[in-house]
Amino acid sequence: VCPAPCMEVCNRGQYDGAVNVRDLERYVGDHTVRPHARRPTRPERIAVIGSGPAGLSCTYHLARLGYPVTIFEADSELGGVMRTGIPAYRLPRDVLDREISFILQHGVTVKTGQRISRQRLLELSHEYDALFVGTGLQELRDLNLGRARSATVIQGIEFLDRVRRGEVFMTDQRVVVLGGGNTAMDAARSAKRCGARHVVVAYRRTRAEMPAIKEEIDE
């Protein structure tokens with residue numbers, strides 16, 4: 001799911017084509033032997049708030065260094081936006097679960113259903129030797145349609161999460177997706193997968209300026 005900016009500027013492209021770093025890394029991830037999981041050896045306890053890409057990466061590297069880590073996650077499953085905001089056809093759930101499982105083998109403790117308030121954050125700062133807060137951007141920007149606000153208008157991330165939960169059925173519907181990023185591409189493709197008859201992506205700049213991964217735009 002990486003947009004691979006390194007491939008965009010790879011000077012190998014001036015000869016034939018950029019080095020396909022994404023596929024090389026995927027092959028390594030799928031086929032090589034993982035290092036042995038380490039167990040905690042240090043006395044300092046660390047709490048990680050949020051289990052998205054940042055929280056899981058922090059947990060893994062700290063656990064490899066021997067720290068006992070506890071993850072606090074508001075949702076019922078780990079993964080953050082990787083699970084709730086990226087469709088399974090781009091990030092297969094078995095791959096995500098396998099990666100998370102390997103991290104947890106390092107003696108990591110998990111506490112789900114834990115939405116941390118400011119007061120609870122203060123309490124955790126006294127219970128643990130260090131805190132890492134990786135909660136992501138929880139506050140979505142609204143279009144502020146005023147009285148014209150309608151249930152037919154929905155945020156892209158929320159839409160993708162509802163698709164994941166099997167709550168979306170768009171048979172024979174017409175859909176407009178506003179934006180040109182990866183979330184917009186995921187929303188457009190997911191709408192088609194949910195049965196939408198016609199999907200239009202509307203973006204304020206040119207197609208060349210769309211920030212989404214080019215392959216996703218083509219798909």
Trainee: Would you confirm whether S101, through its side chain, and D97, through its main-chain N or O, come within 3.5 Å as a donor-acceptor pair?
Mentor: no
Trainee: Are the side chain of S51 and the backbone of G79 linked by a donor-acceptor contact shorter than 3.5 Å?
Mentor: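 Here the side-chain-to-backbone pair exists.
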Trainee: Identify whether I49 and L78 are in the same connected component of the hydrophobic contact network (ILVMFWY, side-chain heavy atoms under 4.5 Å).
Mentor: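 I49 does not cluster with L78.
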Trainee: Could you list the donor-acceptor pairs under 3.5 angstrom formed between side-chain atoms of residues 105-119 and any protein atom two or more places apart in sequence or on another chain?
Mentor:
residue, atom, partner, partner atom, Å
H106, ND1, F102, O, 3.0
H106, ND1, I103, O, 3.3
S117, OG, R120, N, 3.1

Trainee: So which residues get pulled into F159's cluster when ILVMFWY side chains under 4.5 Å apart are joined, directly or through others?
Mentor: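 Besides F159, the hydrophobic cluster comprises I154, L160, V163, V168, M170, V175, V177, M185, V199, V201, Y203, M210, I217, listed by chain and residue number.
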Trainee: Would you indicate whether R34, at its atom CZ, is surrounded by more than 12 heavy atoms from other residues, nucleotides or ligands within a distance under 6.0 Å?
Mentor: yes
Trainee: Work out which heavy atom in V48 is nearest to a heavy atom in V69; give both atom names and the distance.
Mentor: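 Smallest interatomic distance, heavy atoms only, reads CG2-CG1, 3.6 Å.
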Trainee: Quick check: do D161 and E158 have side-chain heavy atoms less than 4.5 Å from each other?
Mentor: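 Heavy-atom side-chain distance check fails, nothing below 4.5 Å.
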Trainee: Provide the closest heavy-atom pair for D75 versus R164 in the form atom of the first, atom of the second, distance.
Mentor: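 Reported closest heavy-atom pair: OD2-NH2, 4.2 Å.
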Trainee: Under a 4.5 Å side-chain heavy-atom rule over Ile, Leu, Val, Met, Phe, Trp and Tyr, are L104 and L56 clustered together?
Mentor: yes
Trainee: Check whether L178 and V153 end up in the same hydrophobic cluster, where Ile, Leu, Val, Met, Phe, Trp and Tyr are linked by side-chain heavy atoms less than 4.5 Å apart.
Mentor: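 Looking at the clustering, V153 is in the same group as L178.
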Trainee: Would you check if the side chain of R93 reaches a backbone N or O of L91 as a donor-acceptor pair within less than 3.5 Å?
Mentor: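 Yes, the answer is positive, given that a donor and an acceptor are paired below the 3.5 Å cut-off.
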Trainee: For the backbone of I46 and the side chain of D129, can you confirm whether one donor and one acceptor N or O come within less than 3.5 Å of each other?
Mentor: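 No.
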Trainee: From C194 SG over to R189 CZ, what is the distance, rounded to the nearest 0.5 angstrom?
Mentor: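 Separation between the atoms: 13.0 Å.
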Trainee: According to side-chain hydrogen bond (donor to acceptor under 3.5 Å, both in side chains), who are the partners of R90, at least two apart in sequence or on a separate chain?
Mentor: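 R90: side-chain hydrogen bond (donor to acceptor under 3.5 Å, both in side chains) contacts with D186.
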Trainee: Checking D172 now: which residues fulfil side-chain hydrogen bond (donor to acceptor under 3.5 Å, both in side chains) with it, not counting sequence neighbours?
Mentor: R197
Trainee: Can you see which heavy atom on G179 is nearest to which on A184, and at what distance?
Mentor: O-CB, 3.4 Å
Trainee: With hydrophobic residues grouped by side-chain heavy-atom distances under 4.5 Å, do V133 and F72 end up in a single group?
Mentor: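 Yes, because V133 and F72 connect within a single hydrophobic cluster, where side-chain heavy atoms sit under 4.5 Å apart.
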Trainee: What is the distance from atom CG of L96 to atom CD of E99, rounded to the nearest 0.5 Å?
Mentor: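 L96 CG to E99 CD: 8.0 Å, rounded to 0.5 Å.
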Trainee: Compare every heavy atom of G181 with every heavy atom of P211, then report the nearest pair and how far apart it is.
Mentor: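 So the minimum-distance heavy-atom pair works out to CG-CA, 3.8 Å.
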Trainee: With rounding to the nearest 0.5 angstrom, report the CG to CD distance, L122 to E127.
Mentor: 10.0 Å
Trainee: Who passes ring-ring contact (aromatic ring centres under 6.0 Å, His included) against H31, sequence neighbours left out?
Mentor: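 Testing H31 for ring-ring contact (aromatic ring centres under 6.0 Å, His included), a comparison that skips the adjacent residues, returns Y27.
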Trainee: Using atom types as modelled and distance alone, determine if a side-chain donor or acceptor of R38 lies under 3.5 Å from a backbone N or O of R64.
Mentor: yes
Trainee: Which value, rounded to the nearest 0.5 Å, describes the distance between S57 atom OG and F132 atom CZ?
Mentor: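 It comes to 8.0 Å.
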Trainee: Once you round to the nearest 0.5 Å, how far does CD1 of I213 lie from CD of E219?
Mentor: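 I213 CD1 to E219 CD: 11.5 Å, rounded to 0.5 Å.
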Trainee: Should R12 and D16 count as an ion pair when the cut-off is N to O under 4.0 Å?
Mentor: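 The answer is yes: the pair qualifies as a salt bridge.
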Trainee: What I want to find out is whether E215 reaches R22 closely enough, with some N-O distance under 4.0 Å, to be called a salt bridge.
Mentor: yes
Trainee: Establish whether Y60 and I100 are linked, either directly or via other cluster members, by ILVMFWY side-chain heavy-atom contacts under 4.5 Å.
Mentor: yes
Trainee: May I ask you to list the residues sharing a hydrophobic cluster with V19, side-chain cutoff 4.5 Å, ordered by chain and number?
Mentor: M7, V21, L24
Trainee: Find out whether the Lys NZ or Arg CZ of R193 is both under 6.0 angstrom from the six-membered ring centre of Y89 and within 45° of the ring's axis.
Mentor: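 Yes, cation above the ring, under 6.0 Å and within 45°.
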